[in-house]
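Notes follow the structure.
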Number of protein chains: 2
Amino acid sequence: MRLRLDRSKPVPHPVAPRRVAVTDIAAGCGVSRSTVSLVLRDSPLVNAQTRARVQAEIGRSGYVYHRGAASLRRRTSNAVALVVNDLSNPFFAEFAGGVDAALAEAGYVLLLGSTGESPERQHAVLASLIEHDPAALILSPAEHSEPARLRRLLGGRMPVLVFNRALDGAGEDWDFLALDNRHGARLATEHLLQQGHRAIAFFGGHRDSSSCTERRAGYRDALEAAGIAPVPAWLVECTPTRLEAARQTGALFARDPAPAAAVCYNDAVALGLASGLAARGRRAGVDFVLTGFDDIPEASVSTPPLTTIAVAPRERGLQAARLLLARLGGDAETPRRTVAPARLVVRASSQLPQHPILLGDAS
Amino acid sequence: MRLRLDRSKPVPHPVAPRRVAVTDIAAGCGVSRSTVSLVLRDSPLVNAQTRARVQAEIGRSGYVYHRGAASLRRRTSNAVALVVNDLSNPFFAEFAGGVDAALAEAGYVLLLGSTGESPERQHAVLASLIEHDPAALILSPAEHSEPARLRRLLGGRMPVLVFNRALDGAGEDWDFLALDNRHGARLATEHLLQQGHRAIAFFGGHRDSSSCTERRAGYRDALEAAGIAPVPAWLVECTPTRLEAARQTGALFARDPAPAAAVCYNDAVALGLASGLAARGRRAGVDFVLTGFDDIPEASVSTPPLTTIAVAPRERGLQAARLLLARLGGDAETPRRTVAPARLVVRASSQLPQHPILLGDAS
DNA sequence: CTGAAAGCGCTTACAG
DNA sequence: CTGAAAGCGCTTACAG
């Protein structure tokens, strides 16, 4: 799917008729265009009766303010661009919903693009969006993004907030809103430790993704704090989809001793693991415990319901938009890096029913 | 949450420095602005060497095409506005994802807004979006929208496609992409009938919403075709959320004889009903069967997995965008009303295990 | 094949 | 308090 950045074709239409413009309003009520403009922008300079006449004419004529023209002249914009991975992913959909809500409330408009995790597509989408001169950009970078290339494309044109995935070296002046991956994974691991488990794997994700690295670090933190040496064979990689996780289930049990619990990279992986276990005659939450990450809607209705780490993506969206709006408002105080809290949500998948069996070499 | 349509404040910034514009490119390589413009738009009129020089200068200078200015002059736009209910709803998130993909492929950009089912918010959001002069609009109307008011606001300015909810009387020139609610509900009902059930309720939704009316009609169609008279007490209304559905479960069993099966308004309602049944000691898919509508992601992982009607929201998004792009391209052939197919997805919730018990007065 | 001029719809000093 | 003039960045006839 190639993006056409072709400028010749957007509308092969017969040219539109001239629209109602300030000129028409001015003529319609015998004032100058300047006066109409002042009325539009609620200037206190205009005489009340003049204002009323102009407003009546505006109502009558079906006039629509042309923001493009105003932005061109004033060199400002009330659009904010948001680029995410994919709206089919509820995490990003919720995030986008939060961004949208905060922007609408502030009178801004949202320009949306998606990358589908492809740096090429990301480049094309951003190139297309910046032509619309957004006042700011919120970017959840595709995996394998090149910070320097993004920097070159976006320049210092506008405030940029990077979400979710670090973009090291892209520039000190870009904001970064991070999820607390490390702490979240630590919470999940500690929760399993507290229930007496010691043979705990880390399942899913790709080592070269920053969020996976961070979550693994949190897992290791918790194990080390408990005096447990991580078992390398218990770090199982897999593409973070349900299907792949189900397929990779066997890898968890390839070596002896096998783990009896797993901190999963995310909820999709955890749900896949649960069905992979079922296929091998084991039951999640009964003879194997696990935790997820994200708290997607399915987590609470799956069987068993999934213990997971909630990151409140909608709240992150609100937060991201507000942070950026504050920058637009001239705020130079707020630190560039914000880490959003992660919260443990305990459900049945991590709790053995009735007679908890302590597995592994519990001390 | 009031929308500010205030025009004075979007950017309280110090004014931006002048950007690199065609004038600079022209000066930078000793040609006129006209020539630069022709190069930008890939005109074949330009001499190959001149073109090369101009392109080199464009690359060097970090020039970014200003679509706002071009659109102003040409009276065109390559933005399309999309207004949905709420991105937190996976149905709309998927739909928006499809719209986005089709638009991006065609070189268009997406302006997104959401109504949260409020006609007031919808009005404000649309008023804000049209100031950005979108080439077309895709609108999934909020419940209780007033067609005439929308018509007044939007005028005949641009092609409009209404999705999902009929907007009668808004204008013959607007496209309408409908889901086949009636046929979908009929399929679900027939599926239950084929398994021998006759005591089938219709559960959830509000009578005054068009999609509920249509789905009820499909339910009635199937019953009547099977020679069964609908029992009025088996039409149970409830707000289509999981929680409300769980609360209303009792209403299904208020009268004797009680139904032993239900066609639910949507998946959320069906899942709520399943937990409401559990709370009363009945098990969905074991001693009560049910179907949903939408095929949300949870449907396949719930317990039991939910038989439902798939409407493929992402495909609807692609379809909506393509339809509108065709209109922009001058297509006058395509009929104004399109009905998207609904497909039955059979899972365990509608199938009694092992020994199907025929309930009600099976003939 | 290239350039000078006008204009899209708005706003902003600057006069009055 | 109001108006005439210039200009944001682009494109489009029209000459040459």
Side-chain angles (χ1 to χ4, degrees), chain A residues 7-11 14-54 58 61-78 130-133 157, chain B residues 7-11 14-54 58 61-78 130-133 157:
Chain A
R7 293 179 179 93
S8 54
K9 297 215 196 159
V11 177
V15 78
R18 204 168 79 55
R19 48 193 281 160
V20 180
V22 284
T23 311
D24 306 295
I25 305 299
C29 53
V31 300
S32 73
R33 303 187 309 171
S34 324
T35 302
V36 176
S37 178
L38 292 174
V39 171
L40 283 173
R41 314 199 48 238
D42 272 328
S43 160
L45 294 178
V46 187
N47 176 298
Q49 304 189 7
T50 313
R51 171 192 312 284
R53 257 195 307 149
V54 171
I58 287 174
S61 63
Y63 171 75
V64 175
Y65 187 67
H66 192 304
R67 249 184 217 283
S71 295
L72 175 59
R73 178 58 232 260
R74 303 185 68 197
R75 299 216 198 92
T76 65
S77 161
N78 82 140
I130 61 177
E131 295 188 347
H132 286 266
D133 195 30
R157 233 179 297 284
Chain B
R7 296 180 175 91
S8 57
K9 296 216 196 156
V11 177
V15 78
R18 204 170 77 58
R19 48 192 282 162
V20 179
V22 285
T23 311
D24 307 295
I25 305 299
C29 51
V31 299
S32 74
R33 302 187 308 172
S34 324
T35 303
V36 175
S37 178
L38 292 174
V39 170
L40 283 173
R41 313 199 49 236
D42 273 328
S43 160
L45 295 177
V46 186
N47 176 297
Q49 303 190 10
T50 312
R51 171 191 312 283
R53 255 193 311 147
V54 171
I58 287 173
S61 63
Y63 170 76
V64 175
Y65 186 67
H66 192 303
R67 250 184 214 283
S71 295
L72 176 59
R73 180 58 232 259
R74 304 186 68 200
R75 298 214 199 92
T76 66
S77 161
N78 81 140
I130 62 177
E131 294 189 346
H132 286 266
D133 195 30
R157 234 180 296 286

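Quick note: numbers below take in every heavy atom, side chains included, and nothing from hydrogens, waters or symmetry partners. All chains are named by letter (A, B, ...) in the order of the sequence lines, taking the proteins before the strands, and each is independently numbered beginning at 1. The structure displayed is predicted, hence computed values, not measured ones.
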Please report, rounded to the nearest Å, how far the C1' atom of dC1(C) is from the CG atom of L38(B). 10 Å
Quick one: is T35(A) getting a side-chain N or O under 4.0 Å of the dG3(D) phosphate, OP1 or OP2? yes
Taking C-beta and beyond as the side chain, do S61(B) and D24(B) meet within less than 4.5 Å on heavy atoms? no
Return the pairing partner of dA4(D) with a 3.5 Å limit on both distances, Watson-Crick or G-U wobble; otherwise return none. none
5' precedence on DNA chain C between A69(B) and S32(B) (nearest-nucleotide basis): S32(B)
Taken to the nearest whole Å, CD/E131(A) to P/dG9(D) is 15 Å
Polar side chain donor-acceptor pair, S34(B) to S37(B), under 3.5 angstrom: no
I'd like to check the salt bridge (charged side-chain N to carboxylate O under 4.0 Å, His left out) partners of R19(A); sequence neighbours left out, ordered by chain and number. D133(B)
Start at the 5' end of DNA chain D and walk down; is the nucleotide closest to R51(A) or to R33(A) reached first? R51(A)
Integer-rounded Å distance: dC10(D) P and D133(A) CG: 10 Å
Between atom CZ in R19(A) and atom C1' in dG7(C), what is the gap in whole Å? 15 Å
Hey, does V31(A) reach any base, or is it just sugar-phosphate, or nothing, if we go heavy atoms under 4.0 Å? sugar-phosphate
Where the side chain of R74(B) is defined as all heavy atoms beyond and including C-beta, which of dA6(D), dT11(D), dG9(D) is the nearest nucleotide? dT11(D)
Between R75(A) and dT12(C), does any side-chain N or O lie under 4.0 Å from OP1 or OP2? no
Whole-Å distance separating the CZ atom of R67(A) from the C1' atom of dC8(C): 18 Å
Regarding the side chain of L72(B), the nearest nucleotide among dA4(C), dC8(C), dT11(C) is dC8(C)
Per nearest nucleotide of DNA chain C, the residue lying toward the 5' end, V46(B) or Y63(A), is V46(B)
Answer yes or no: is there a donor N or O on one side and an acceptor on the other, between the side chain of T76(B) and the main chain of S71(B), under 3.5 Å? no
Between dT11(D), dT12(C), dC1(D), which nucleotide gets closest to the side-chain atoms of N47(A)? dC1(D)
H66(A) NE2 - dC8(D) P separation (whole Å): 18 Å
For S43(A), does its backbone N or O pair with a side-chain atom of R51(A) as donor and acceptor, under 3.5 Å? yes
Specify the separation, in whole Å, of atom CG of L40(B) and atom P of dC10(D). 7 Å
Give one of base, sugar-phosphate or nothing for T50(A), where a contact means two heavy atoms less than 4.0 Å apart. sugar-phosphate
Kindly point out which of dG3(C), dG9(D), dG3(D) is positioned nearest to the side chain of R73(B)? dG9(D)
Any-strand Watson-Crick or G-U partner of dA13(D), both distances under 3.5 Å: none
Closest non-hydrogen atom pair, C29(A) against R53(A): O-NH1, 2.7 Å
Of the listed nucleotides dA5(D), dT2(D), dG9(D), the one nearest the side chain of S34(A): dA5(D)
Euclidean distance, atom OH of residue Y65(B) to atom C1' of dC10(D) [Å, nearest integer]: 7 Å
